[in-house]
Amino acid sequence: MESDLAPELDAFYRVLARRRDVRAEFTGEPIDDDVLMRVLGAAHTAPSVGMSQPWDFVLVSDTDTRTQFREHVLSEREVFESQLDGERGHTFRKIKIEGILESSLGVVVTYDPERGSPAVLGRHAIADAGLYSVCLAIQNLWLAATAENLGVGWVSFYREEFLANLVGLPEGVRPVAWLCIGPVRKLQQVPDLERHGWRSRKPLTEALHWERYGAR
Ligand SMILES: Cc1cc2nc3c(=O)[nH]c(=O)nc-3n(C[C@H](O)[C@H](O)[C@H](O)COP(=O)(O)O)c2cc1C
């Protein structure tokens with residue numbers, strides 16, 4: 001469809017709309033080094049509370065490490081599945097929740113609460129502001145990867161302690177995400193959870209409140 005927006009604005013919104021969480025569409029082809037550095041550079045330009053830049057990126061290509069992580073994720077999948085009943089369990093069983101081995105690379109994004117401390121400007125009242133910063137880095141990475149025609153899949157079916165030990169995180173540094181990243185055959189137009197009947201996106205109007213919560 002023709003857009004009335006200036007080309008660069010149109011391109012930006014198209015990237016937002018094309019971004020998907022990818023599980024099944026990875027090709028496994030290598031990621032070009034320059035592209036990978038641009039994508040990680042995009043993550044590293046994210047805003048952060050007190051300019052603390054509390055993130056790090058552990059790049060995992062080793063098959064043995066990835067296999068160990070996948071086995072852990074599959075056991076956590078079973079934990080979740082055991083909590084579901086009836087239709088939810090039936091629907092969940094059809095949903096793929098990771099592409100750890102099929103993707104080209106795993107990126108463990110971490111959070112170091114000590115970075116820039118003790119006086120992190122803007123975090124004195126909200127400890128979570130550090131974590132928010134890491135999530136913004138992840139979103140930058142996700143969008144840059146989409147613009148580069150790569151797919152990204154966020155995996156959170158893990159216990160922090162397991163992943164911290166697996167990739168040797170120092171005491172106190174937390175894993176925030178395992179991101180599967182790599183070239184893809186295609187990006188789905190509809191999110192997997194929606195396609196499989198788990199949950200659908202709500203319209204923006206349902207998330208909008210005027211002046212006070214609940215005032216529509
Ligand atoms: C914090 C976070 C954790 C997620 N964990 C998983 C996960 O473990 N496995 C998975 O398949 N998708 C995971 N997702 C992806 C979401 O399911 C996905 O973003 C959502 O269904 C919307 O689809 P879309 O990203 O394709 O628009 C996660 C997303 C976020 C933001």
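Counting starts at 1 for both ligands and their atoms, in listed order. If you're wondering where the values come from, they're calculated on a predicted model, not measured in any experiment.
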message = Using a 4.0 Å cutoff against the non-hydrogen atoms of Arg201, which atoms of ligand 1 qualify?
response = 24 (P), 27 (O)

query = Take atom CG in Leu121; do more than 12 heavy atoms of anything else shown fall under 6.0 Å from it?
reply = no

message = Give me the atom names and distance for the closest heavy-atom approach of Ile100 to Arg70.
response = CD1-CA, 3.7 Å

ask   = Which bit of Asp21 is near ligand 1, meaning a heavy atom under 4.0 Å away: side chain, backbone, both or neither?
value = both

remark   = Checking heavy-atom distances from atom 4 (C) of ligand 1 to each of Ser156, Cys135, Ala24, Ser200, the winner is Ser156

key: Atom indices of ligand 1 within 4.0 angstrom of Arg20 heavy atoms, with elements   = 24 (P), 26 (O), 27 (O)

note = Of Val190, Ile95, Ile97, the one whose closest heavy atom lies nearest atom 9 (N) of ligand 1 is Ile97

task = Give me the ring orientation class for Phe157 and Phe92: parallel if the planes are under 30° apart, tilted from 30 to 60°, perpendicular past 60°.
result = parallel

ask   = Relative to the ring of His72, is the ring of Phe69 parallel (under 30°), tilted (30 to 60°) or perpendicular (over 60°)?
value = tilted

request  = Could you tell me the residue and atom name of the protein heavy atom closest to atom 23 (O) of ligand 1, and the distance to it rounded to 0.1 Å?
outcome  = Pro191 CB, 3.4 Å

key: Closest non-hydrogen atom pair between Pro183 and Ile31, with its separation   = CD-CG1, 4.1 Å

task = Would you mind telling me if ligand 1 is within reach of the side chain of Arg77, the backbone, both or neither, using heavy atoms under 4.0 Å?
result = neither

inquiry  = Looking at ligand 1, would Gln188 count as a contact under a 4.0 Å heavy-atom criterion?
reply    = no

request  = Examine the side chains of Asp64 and Gln68 and answer whether a donor and an acceptor come within less than 3.5 Å of each other.
outcome  = yes

ask   = So which heavy atom in the protein is nearest atom 7 (C) of ligand 1, and how far is it from that ligand atom?
value = Trp154 O, 3.0 Å

message = For the 3.5 Å polar cut-off, considering only N or O atoms, please tell me whether Arg19 and ligand 1 meet it.
response = yes

ask   = What atoms of ligand 1 come closer than 4.0 angstrom to any heavy atom of Val155?
value = 7 (C), 8 (O)

request  = Return the residue, atom name and 0.1 Å-rounded distance of the protein heavy atom closest to atom 11 (O) of ligand 1.
outcome  = Arg23 NE, 2.6 Å

key: Test item: protein heavy atom less than 4.0 Å from atom 20 (C) of ligand 1   = no

key: Salt-bridge present (Arg38, Asp34; N to O < 4.0 Å)   = no

query = Where do Leu143 and Gln139 land on the side chain to side chain contact (heavy atoms under 4.5 Å, CB included) test, with the steps shown first?
reply = CA-CA 6 Å; Leu143 293 174; Gln139 180 71 346; 4.1 Å; yes

task = Please name the pair of heavy atoms, one in Ile181 and one in Val107, separated by the smallest distance, quoted to 0.1 Å.
result = CG2-CG2, 3.7 Å

